Amino acid sequence: MLNKALLQRRLLAWYRRHQRDLPWRRTRDPYAIWVSEIMLQQTQVATAIPYYERFLRRFPHVRALARAPMERVLKSWEGLGYYSRARNLRRAAQIVLAEHGGRLPEEPEALRKLPGIGRYTAGAISSIAFDRDEPVLDGNVIRVLCRVFLIRANPKSARTQKRLWKLAEELLPAGHASFFNQALMDLGATICMPSHPHCDRCPLRQAPIRCRGKACLAPTSMPAEAVPHGRGAACCALAVPRGPIGSPGGLCRAFAKGMQEKLPLRVARKAIPHYDVAVGIIRKGGKILIDRRKPEGLLGGLWEFPGGKKQGGESLEECLVREVREELGVRVRVLRPLARVRHAYSHFRVTLHPFDCGWVSGRPRAIACAEWRWVAPRQLGRFAFPAANRRILACIGAVPEMRGKRI
DNA sequence: AATCCGGGGTA
DNA sequence: TACCCAGGATT
């Protein structure tokens, strides 16, 4: 191991000055920190912030969430994606209320028994909310460690994962896991970024050196990180390092070799499929027919316009008639195309083709869905729709707050 | 070990 | 466009 104590000092000193001001860092409430960690799974900080604020207003504590109807929780999650997170979070809140008296357990092993909490989230809650010395390993930490320790193996392989977790654990400064973990993640998010990392501002690049200026009052015994910066004081505290790259004092092996942009190793991903999906805006007596997806699986529990994937050899119109019949047992007439909405999921892409439709015959039955409803256009905004469906709502002008927005 | 699960930001 | 993001659950 490189100079562990130096790395810890540098990182913690950098964090004290440069940490991000985030809403979940203004609280010590384990529930709030828990909510933030779930929202931040595969989700960028800036995206999660407004959801976090609103969610905590609506469900301020475990009991409120445990007792809330699933519909309301999903509506709060609408647009954030990975909707099983919302289901798991609510279910876990019910377990915490029933089995832990409404308080989150502190140990990672107990936290991991809750749905939606894996190794990362357990470590994050345990260290950040309860100040326990537990490591975390997320995308940011993986990147920082692969660079600092010049790990050229596939970071997703089980072998490398094991090695990275061990590193994350060994590096922890006793009693400071909360700040240290968050410092690693902040460094990865703001300095040690995937491409074009800001190595010139990295606290691990090289030791700050003392200047030889006569005005510098920094005693040689003082650690450079602890020296205040300023004219007539210890002006060298943050002096630009000199000397060749990778000279003694540099803590990043990738930077020393100029390999920081090549790590962590990227593994080629498989080509992702594309689907054309026909959806019907089915009107009858001024109302529109929507259905709710089954509670599990893709977009589970969310509402949508009836429709489905086009098969080879059929037209979009034929597809729509077939899908509505299979899903709801309703016969419709396809009137006119409305728009084209392209949307990318993590593992496939779709083009949605919404059509204006007229109801012909048949009372809807929940054949391949959880339930259905005829809804006045103005009421559509009350239901939780996936993001791609929201854009269809916008193009039929059903949701006032979305009128005029880009589609 | 591989696959599934959304949506948005960014260059 | 392709990659990435404070990952977890399932198979």
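Small disclaimer: the values here were computed from a predicted structure and weren't measured. Residue numbering restarts at 1 for every chain, and letters A, B, ... go by the order of the sequence lines.
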Taking atom [atom2] of [N] as reference, at what distance in whole Å does atom [atom1] of [X] sit?
| X | N | atom1 | atom2 | answer |
| --- | --- | --- | --- | --- |
| Arg293(A) | dC4(B) | CZ | C1' | 13 Å |
| Phe348(A) | dG7(B) | CZ | C1' | 12 Å |
| Leu80(A) | dC5(C) | CG | P | 17 Å |
| Leu137(A) | dG7(C) | CG | P | 10 Å |
| His343(A) | dC5(B) | NE2 | P | 13 Å |

Looking at the side chain of Arg266(A), which of dG6(B), dC3(C), dA9(C) is the nearest nucleotide? dC3(C)

With sugar-phosphate meaning primed atoms plus P, OP1 and OP2, does [X] contact a base, only sugar-phosphate, or nothing at under 4.0 Å between heavy atoms?
| X | value |
| --- | --- |
| Ala387(A) | sugar-phosphate |
| Ala189(A) | nothing |
| Gly188(A) | nothing |

Please find out if less than 6.0 Å separates the ring center of [X] from that of [Y].
| X | Y | value |
| --- | --- | --- |
| Phe385(A) | Phe305(A) | yes |
| Tyr52(A) | Trp24(A) | yes |
| Phe355(A) | His353(A) | no |

Quick one: is Tyr345(A) getting a side-chain N or O under 4.0 Å of the dG7(B) phosphate, OP1 or OP2? yes

Is there a side-chain polar atom (N or O) of His347(A) under 4.0 Å from OP1 or OP2 of dC4(B)? no

Specify the residue among His196(A) and Tyr82(A) whose closest nucleotide of DNA chain B lies further upstream toward the 5′ end. Tyr82(A)

Taking for Ser84(A) and for Ser157(A) the nucleotide of DNA chain B with the nearest heavy atom, the one nearer the 5' end belongs to Ser157(A)

Residues from residues 19-50 of chain A lying under 4.0 Å of DNA chain B - heavy atoms: Gln42(A), Thr43(A), Gln44(A)

If you measure from the C1' atom in dG8(C) to the same atom in dG9(B), how many Å do you get, rounded? 23 Å

